[in-house]
Structure formats: structure tokens, C-alpha cells
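Worksheet: the structure to be examined is printed underneath.
The chains referred to below are lettered A, B, ... by the order of the sequence lines, with proteins before strands, and numbering in each begins at 1.
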Protein chains: 2
Amino acid sequence: MKPTTDKADPIARARDAFRARGMRWTPQRRAILEVLVGASGHVTGVELIERARLRDSETTPSTVYRTLDVLEELGLVSHSHGHDGREEFHVWPVSRHGHLACEACRATWEIEGDEALAITGSLTRKRGFVVNLSHLTISGLCSECNGRTGANPGL
Amino acid sequence: MKPTTDKADPIARARDAFRARGMRWTPQRRAILEVLVGASGHVTGVELIERARLRDSETTPSTVYRTLDVLEELGLVSHSHGHDGREEFHVWPVSRHGHLACEACRATWEIEGDEALAITGSLTRKRGFVVNLSHLTISGLCSECNGRTGANPGL
DNA sequence: ATCCGTCTTGAGACCTGTTGCAATAACGGC
DNA sequence: GCCGTTATTGCAACAGGTCTCAAGACGGAT
Ligand SMILES: [Mn+2]
Ligand SMILES: [Mn+2]
Ligand SMILES: [Zn+2]
Ligand SMILES: [Zn+2]
């Protein structure tokens with residue numbers, strides 16, 4: 001029994017992924033990984049910085065954003081953009097979905113399964129374009145807000 | 001003959017649209033409108049600021065961005081987001097399309113007509129959600145880059 | 001245990017917008 | 001033409017992120 005090299009430990013697996021690429025395992029990266037393992041749903045960069053500082057009070061923004069970039073390249077997290085353009089992060093591979101966001105009431109929904117396929121499928125078939133579903137945010141007006149707003153010529 | 005109230009003049013029509021809403025017609029807004037009338041394709045906010053300053057050297061960023069917001073509400077312009085998240089503006093109603101952007105080679109394509117319908121249609125039918133096509137940017141890998149990259153587990 | 005090359009960090013400048021607020025100026029009414 | 005109301009502007013601070021670069025520290029080799 002070797003608890004410290006437990007293959008199921010996502011932190012240990014991340015550490016190995018870093019090292020296998022010639023990258024280094026630092027306290028800052030460990031803190032961010034710990035935060036991500038304990039996170040769920042959509043989390044903004046600022047929130048991740050705050051939480052990381054609870055583990056390592058020295059953590060700075062540029063380090064967090066850089067680490068998130070690397071983790072995205074490693075396939076461990078993904079990000080999309082909220083209404084104001086702010087980045088929202090997800091931990092892999094919990095859920096792979098797109099986002100639907102109403103510009104009026106600000107409600108959001110997730111796009112998964114068949115619905116996602118309906119959107120990505122035609123692009124893949126006709127253009128060979130592989131959509132990055134996790135990054136996708138489709139904005140517009142939800143059914144409720146659409147009836148409510150007076151004939152919007154745009155959209 | 002009244003050239004100054006020519007109904008086909010887009011600047012005059014914009015002025016009337018402002019006034020009809022109780023908004024004011026200012027030199028700054030006029031400068032930005034003139035820039036937009038002379039623009040085509042995708043233009044970033046910074047580019048619009050520079051061009052507006054050629055007409056009215058006093059124009060400041062906040063005024064330009066605020067005017068663009070208003071013009072978007074009036075349905076005269078729309079914006080989407082490039083790779084870095086920067087805003088890119090379009091003049092209405094020249095073209096109403098979505099955007100397809102390859103994350104690897106940075107090439108972009110426009111999504112129009114049937115292709116756009118294939119994407120927006122299912123959301124409208126199943127959810128009553130009206131997609132803001134102009135704001136939509138779908139990212140991923142184009143057919144060329146997809147074959148080239150080594151088995152990316154993400155996306 | 002120490003060395004060293006190279007990766008990573010932290011600090012601060014920078015970039016694109018956004019926002020609060022006091023000063024300014026459209027514009028409808030007189 | 002003046003006035004007063006109120007929309008708009010300009011400024012400066014702010015916010016989320018990115019970038020540069022010198023200083024620091026991983027970690028493989030000895
Ligand atoms: Mn993004
Ligand atoms: Mn936007
Ligand atoms: Zn809504
Ligand atoms: Zn490409």
C-alpha cells in the first residue's frame with residue numbers, strides 16, 4: 001500500500017502530468033489544483049484566486065491565470081465566457097457542455113447531448129470543423145423574455 | 001428639394017432615432033456615426049476610437065464605447081468577440097451572421113443562411129430561445145488544423 | 001549534498017472596456 | 001435669444017486579464 005502514489009488521486013495525477021512534460025511541480029500549482037478539485041460548477045478567475053490564497057496566501061493573479069492556461073492545455077479544465085466576458089472555469093471531465101445565456105434575464109442553461117450535437121453536427125459534417133463545445137456560449141433571448149420585449153429588430 | 005433632411009441619409013436617420021427617444025445629438029455621436037457609415041467588415045473598439053478622433057480629436061474612449069452601446073440598442077450596430085475576447089463591431093444591416101473561429105490557425109469564417117438556421121433552429125423550436133446570431137462566435141478546430149494536431153483529448 | 005540549466009514566479013506596466021461623478025451642453029419652452 | 005432641465009461628456013479610478021523581465025526555485029545530474 002502506497003497512499004502517496006495513489007493512482008486515483010487527481011492531484012498526484014496532475015503532478016505526474018506536469019513532470020512528464022518537463023514542467024515543474026510548485027506550491028502555487030498545487031494550491032490551485034487543490035482548489036479545482038474542491039470546486040464544482042462555474043467558477044470565475046477571481047474566485048479561484050481568492051480560494052487559492054486561502055491555501056497559499058502568496059498566490060498572485062498572474063500565476064493563477066498562467067496555471068489555468070496550462071491546465072487547459074493539459075485538458076484538466078475548460079473555460080467559457082459569462083455575460084460581461086468574464087472567464088468561467090470548469091473542472092474536467094465532470095461535464096462537457098455548452099452554455100445558453102439570456103441577455104435580458106441573465107438566466108443560463110447548459111447545452112448537452114443531442115441538443116449539442118444538433119449544433120455541432122452540421123459544422124462537423126459540412127466543414128470538418130470540430131467545435132469546442134465547452135467554450136461555447138450562445139446568447140439571445142429566452143422564451144420568457146422574448147415574448148416580453150417589444151419587437152426587437154436586432155438579434 | 002431638401003438635401004438636409006434626405007430620408008436616405010443614414011446619419012440623418014440616426015439623428016432622428018436619437019431625438020425620437022429623447023436622446024441628444026452631439027458632435028461626438030455624429031463623429032462616431034460618420035466613422036461607422038464609412039466602415040466595413042469587423043472593426044475593433046480601438047480602431048473606431050482612432051478613426052473617430054480623426055473627425056473630432058477630442059473624442060474619448062468612454063464616449064465611444066457608450067455610444068456603441070446605445071447604437072447597439074438602437075439596432076444600428078452589433079458586436080461579437082475575437083480570439084482574445086476583444087469586441088469587434090459590425091454595421092447593420094449589412095450582414096447578419098455568426099462567426100466560426102479556428103483556435104489553432106486563427107482563421108475565421110462567417111455563418112449565414114441555412115448553416116445559421118441549422119444552429120439556431122433547434123434552440124428556437126425546442127426552447128423558444130431566439131439566438132443573437134451576430135454575437136455568436138463558435139470556436140474549435142478547422143478541418144485543416146484538426147488533422148494536423150495530435151489527438152487533443154479536450155474540446 | 002551541491003550545481004546548474006531552465007522553468008516559474010511576482011511585480012508592475014499595459015490593454016480593453018466599464019463606472020461614478022462633477023462639469024457641460026443639448027434642446028424644448030418662453 | 002435665454003433658461004432650466006436633464007442627457008451627455010470627460011476624467012479618473014477600477015476591473016479582469018496579459019505580458020515582460022529580473023529574481024527565485026525545481027529537479028536531473030554528479
Ligand atoms: Mn475564451
Ligand atoms: Mn459581448
Ligand atoms: Zn430571459
Ligand atoms: Zn485552423
Side-chain angles (χ1 to χ4, degrees), chain A residues 12 14-33 42-53 55-74 77-89 103 106 135 137, chain B residues 12 14-33 42-53 55-74 77-89 103 106 135 137:
Chain A
R15 183 198 57 209
D16 295 345
F18 274 100
R19 292 199 171 134
R21 287 193 162 206
M23 295 173 169
R24 294 171 186 178
W25 183 240
T26 66
Q28 294 86 345
R29 286 179 173 171
R30 170 174 246 277
I32 295 165
L33 257 297
H42 303 80
V43 193
T44 66
V46 171
E47 285 167 354
L48 290 174
I49 291 167
E50 286 174 6
R51 296 185 196 178
R53 273 211 250 253
R55 315 249 174 177
D56 177 345
S57 64
E58 305 297 306
T59 315
T60 57
S62 50
T63 297
V64 172
Y65 288 117
R66 276 189 293 230
T67 300
L68 287 167
D69 285 348
V70 173
L71 290 174
E72 193 151 5
E73 280 167 26
L74 293 180
V77 304
S78 66
H79 81 269
S80 58
H81 298 270
H83 278 105
D84 44 13
R86 245 215 276 2
E87 290 182 331
E88 300 189 335
F89 293 87
E103 294 170 350
R106 314 249 121 174
H135 188 261
T137 298
Chain B
R15 182 198 59 207
D16 295 346
F18 274 99
R19 292 201 172 133
R21 286 193 164 206
M23 295 173 167
R24 294 169 187 179
W25 184 240
T26 66
Q28 293 86 346
R29 286 180 174 170
R30 171 174 245 279
I32 295 165
L33 257 297
H42 302 82
V43 192
T44 66
V46 171
E47 285 166 353
L48 291 174
I49 292 167
E50 286 174 7
R51 296 184 195 179
R53 273 211 250 252
R55 313 250 175 178
D56 177 345
S57 64
E58 304 297 306
T59 314
T60 56
S62 52
T63 297
V64 172
Y65 288 117
R66 276 188 294 229
T67 300
L68 287 168
D69 286 347
V70 173
L71 291 174
E72 192 150 6
E73 281 166 25
L74 293 180
V77 304
S78 67
H79 80 269
S80 58
H81 298 270
H83 278 106
D84 46 11
R86 240 200 313 342
E87 290 182 330
E88 300 188 336
F89 294 86
E103 294 170 350
R106 312 249 121 176
H135 189 260
T137 299

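Side chain of Arg19(B) to backbone of Trp25(B): no donor-acceptor contact under 3.5 angstrom is found.
If you measure from atom CD of Glu88(B) to atom P of dT16(C), you get 13 Å, rounded to the nearest angstrom. To the nearest angstrom, P of dT16(C) lies 17 Å from NE2 of His83(B). dG17(C) atom P lies 14 Å from atom CD1 of Ile32(B), rounded to whole Å. Per the geometry, CD belonging to Glu87(B) stands 13 Å off C1' belonging to dC15(C), to the nearest Å. Per the geometry, NE2 belonging to His81(A) stands 14 Å off C1' belonging to dT16(C), to the nearest Å. One interatomic measurement links the two molecules: CZ of Phe18(B) to P of dG28(C), which rounds to 15 Å at whole-angstrom precision. With rounding to whole Å, Trp25(A) atom CH2 is found 12 Å from dT8(C) atom P. Whole-Å rounding puts the Leu68(B) CG to dT16(C) P distance at 14 Å.
Using a 4.0 Å heavy-atom criterion, one finds that Ser62(B) contacts the bases of the nucleic acid, with or without backbone contacts as well.
Protein chain A touches strand DNA chain D; the 5'-most and 3'-most nucleotides with an atom under 4.0 angstrom of its non-hydrogen atoms are dG16(D) to dG27(D).
Applying the salt bridge (charged side-chain N to carboxylate O under 4.0 Å, His left out) criterion to Arg106(B), with sequence neighbours excluded, gives no partner residue. Residues forming a salt bridge (charged side-chain N to carboxylate O under 4.0 Å, His left out) with Arg51(B) (at least two apart in sequence, or on another chain): none.
An OP1 or OP2 oxygen of dG10(C) is reached within less than 4.0 angstrom by a side-chain nitrogen or oxygen of Gln28(A). Contact check, Arg29(A) against dT8(C): a side-chain N or O comes under 4.0 Å of OP1 or OP2.
For Arg24(A), the listed nucleotide lying nearest its side chain is dT8(C); candidates were dG10(C), dT16(C), dT8(C).
The two atoms that bring Val64(B) and Ile32(B) nearest to each other are CA-CD1, 3.7 Å, heavy atoms only. Thr137(B) and Ser80(B) get closest at one heavy-atom pair: OG1-CB, 3.9 Å. Annotation for Ala31(B) and Ala52(B): closest pair CB-O, 4.3 Å, computed over non-hydrogen atoms.
Heavy atoms from other residues, nucleotides or ligands lying under 6.0 Å from CD of Glu58(B) number 12 at most.
For Pro27(B) and Gly85(B), each mapped to the nucleotide of DNA chain C holding its nearest heavy atom, the one lying further toward the 5' end belongs to Gly85(B). Residue order along DNA chain C, read from the 5' end via each residue's closest nucleotide, puts Asp69(B) first among Met23(B) and Asp69(B).
The base of dG10(C) lies close enough to the side chain of Arg66(A) for a donor and an acceptor atom to sit less than 3.5 Å apart.
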